Amino acid sequence: MTMRIDPRLLLIACVSACAPMMPESPTTRPPVPSPLTSPHTSTTPVPAVHTPPTADLPDQAGFEGWKQGFLSRHGGARRADYERELAGLVPDPAVIRLDNNQPEFSRPAGAYVQNAVTASRIAQARQRIDRVPWSVVQRTGVPSEILVSIWAQESAFGQVQGDYDVIRSLATLAYDGRRRAWAEAQLKDALDIVIDGRRARAGLKGSWAGAMGQTQFMPDNYLRLGVDQDGDGKVDIWGSDADALASAANLLARAGWKRGQTWGYEVTLPSNFDYSLAEGPRHDWAFWSARGVRLAGGGSPTPIEGDEQATILLPQGANGPVFLALPNHYVIRAYNNSASYALAIALTADGVQGKPGLTKAWPDDAPLTRDQRIGAQSALTRLGYDTQGIDGVIGANTRAALRRWQAANGRIQDGYLTTALADELIRRGQ
């Protein structure tokens, strides 16, 4: 008997059509390549077909002013073409709302990962492992299990690709201004895709943040890294499994995927571990082993992996699982610059390979509200621990500032912001 999957469940489990994550300033981008895509597993369903809201639209006069500025800055010889494609466009308030509530940074890592890494998803990925062209794996060195895990997370194997107008979404993000330079560059590339005839405007659909196709590529990556694997003369990441998977592999390979190495390991820490060393400078296995770090499953990394520079990750603080992050962990983050996302992909891939699950359970922490995230950043900055921006995104700069505050106040320096700690900081910063 073939089990049918309710598409509504896929919508809930695979909010994989969303946003490129940039934990620092709005224009920060990983060096090679640019961040790719996606929202991901969220408890909030994303509609399969997006009906643009008509009420509570942002100020249209302001939007028109932004549009004329965009055309002046980027139009050049194509100004008339761009103006034609942008004619009659209005901003989408749903895009702004979703941009402010991305799950990778609003939910605890454990809740995010557990929602993404499930037995059913691993089983479905395992069933599709043969859909990854073997020539792609040989050419790039990116394992099939990593590629099917990205495929699962980004679009439920192509079933949930998003039905937002990519050009409208990117125009809205550019107008909103939080990531204007990035969004305008992506918008220009999306317009070029249409004008150059690579994809009809009606078919340029994707997530609320402009990520497109089965593996959710942003427009710049589609133009730079898209692969016509099936040889039909076009890069069709929407309808061709082979093109989508080969393009994803190309992105990871170009980002520096290390052939024959894993992404990392779950580890245990000694009771006297110096938490200020975590999520900081990278060191080889000899360094970490000398400080009492042990692989949770026993043994040691391979000799090649042992020579690599690795980081200790505490995605949910000192009370949660701990990981030794090897270079391939950061390559996955070239796809989506979020530790939670990279762990979801990696642990799903481990499951596809039949590796055992984590030995330490994730703490059941409550999610942080946007007010708590912004309030904690504001408080830390007022108290003399600059978070390098107050945007509600708890990224590396905020965690570093929090570590400095924890050190000064006799706390464990794990850089992890709980709801109780956020409330305490807000009170102290008033």
Side-chain angles (χ1 to χ4, degrees), residues 19-30 35 96-97 99-113 176-180 182 269 273-282 311-323 325 330 333 336-343 362-430:
M21 294 308 309
M22 290 161 281
E24 298 314 324
S25 67
T27 56
T28 297
R29 303 172 74 179
I96 298 172
R97 184 181 70 250
D99 186 45
N100 289 331
N101 291 281
Q102 296 180 51
E104 289 92 334
F105 294 98
S106 61
R107 304 175 64 200
Y112 179 93
V113 170
D176 183 48
R178 188 173 76 84
R179 297 181 287 172
R180 177 163 292 171
W182 168 84
L269 305 178
F273 183 74
D274 181 0
Y275 282 90
S276 68
L277 296 173
E279 299 181 359
R282 303 177 192 183
T311 307
I312 298 297
L313 291 185
L314 306 168
Q316 208 161 333
N319 293 323
V322 184
F323 301 94
Y330 294 96
R333 286 170 68 165
N336 182 308
N337 196 13
S338 154
S340 295
Y341 174 84
L343 286 171
W362 293 98
D364 186 21
D365 293 333
L368 292 160
T369 66
R370 181 168 174 79
D371 286 345
Q372 285 174 317
R373 286 177 275 136
I374 289 177
Q377 288 177 321
S378 300
L380 282 167
T381 299
R382 283 196 297 270
L383 291 168
Y385 306 92
D386 190 0
T387 60
Q388 305 296 311
I390 299 170
D391 58 3
V393 176
I394 307 302
N397 286 342
T398 300
R399 289 170 71 98
L402 179 57
R403 275 197 171 84
R404 296 194 297 273
W405 180 89
Q406 288 171 324
N409 288 271
R411 312 291 179 88
I412 292 177
Q413 299 174 57
D414 62 2
Y416 181 60
L417 186 66
T418 63
T419 55
L421 185 52
D423 291 342
E424 178 184 348
L425 287 168
I426 292 168
R427 289 194 301 273
R428 287 177 175 236
Q430 290 176 344

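Worth saying up front: this structure is predicted, and the values here are computed from it rather than measured.
- Contact annotation: the side chain of L313 approaches that of E279 to within less than 4.5 Å [non-hydrogen atoms, C-beta and beyond].
- Y416 and D365 share a donor-acceptor pair across their side chains, judged by distance under 3.5 Å alone.
- Under the 4.5 Å side-chain criterion, counting only non-hydrogen atoms from C-beta, L425 is not in contact with Y385.
- When the side-chain contact (heavy atoms from CB on, under 4.5 Å) test is applied to D386, the partners found at least two apart in sequence or on another chain are T381, Q388.
- T311 and Y330 share a side-chain donor-acceptor pair at under 3.5 Å.
- What you find for D371 and I426 is that their closest heavy atoms are O-CD1, 4.3 Å.
- Between D414 atom CG and L402 atom CG the span is 7.5 Å, to the nearest 0.5 Å.
- At least one side-chain heavy atom of L421 sits under 4.5 Å from a side-chain heavy atom of E424.
- Between Q377 and D391, the shortest heavy-atom contact is OE1-N, 3.0 Å.
- A 4.5 Å side-chain heavy-atom check between I390 and I374 finds at least one atom pair inside the cut-off.
- Remark: N409 CG is packed, more than 12 non-hydrogen atoms of other residues, nucleotides or ligands lying under 6.0 Å away.
- The nearest pair of heavy atoms linking A366 to T419 is O-CG2, 3.6 Å.
- Residues R373 and V393 form no side-chain contact, since every pair of their non-hydrogen atoms from C-beta on lies 4.5 Å or further apart.
- Counting only heavy atoms from C-beta outward, the side chains of L368 and L417 approach each other to under 4.5 Å.
- Between the CZ atom of R178 and the CG atom of D99 there is a distance of 4.0 Å, given to the nearest 0.5 Å.
- A donor-acceptor distance shorter than 3.5 angstrom exists from the side chain of R382 to the backbone of G429, with no hydrogens or angles considered.
- Among all heavy-atom pairs drawn from G320 and P363, the shortest one is CA-CD, 3.6 Å.
- The environment of CD1 in I412 is sparse: at most 12 heavy-atom neighbours from other residues, nucleotides or ligands sit within 6.0 Å.
- R403 and Q413 get closest at one heavy-atom pair: NE-O, 3.0 Å.
- In plain terms, the two heavy atoms of Y112 and R107 that are nearest each other are CA-NH1, 4.0 Å.
- Side-chain contact annotation: D274 with S276, donor-acceptor N/O pair under 3.5 Å present.
- Here the side chains of L269 and L314 are in contact, with some heavy-atom distance below 4.5 Å.
- Scanning for salt bridge (Lys or Arg N to Asp or Glu O under 4.0 Å) contacts around R282 gives an empty result, with sequence neighbours left out.
- Atom CG of L380 and atom OG1 of T387 lie 6.5 Å apart (nearest 0.5 Å).
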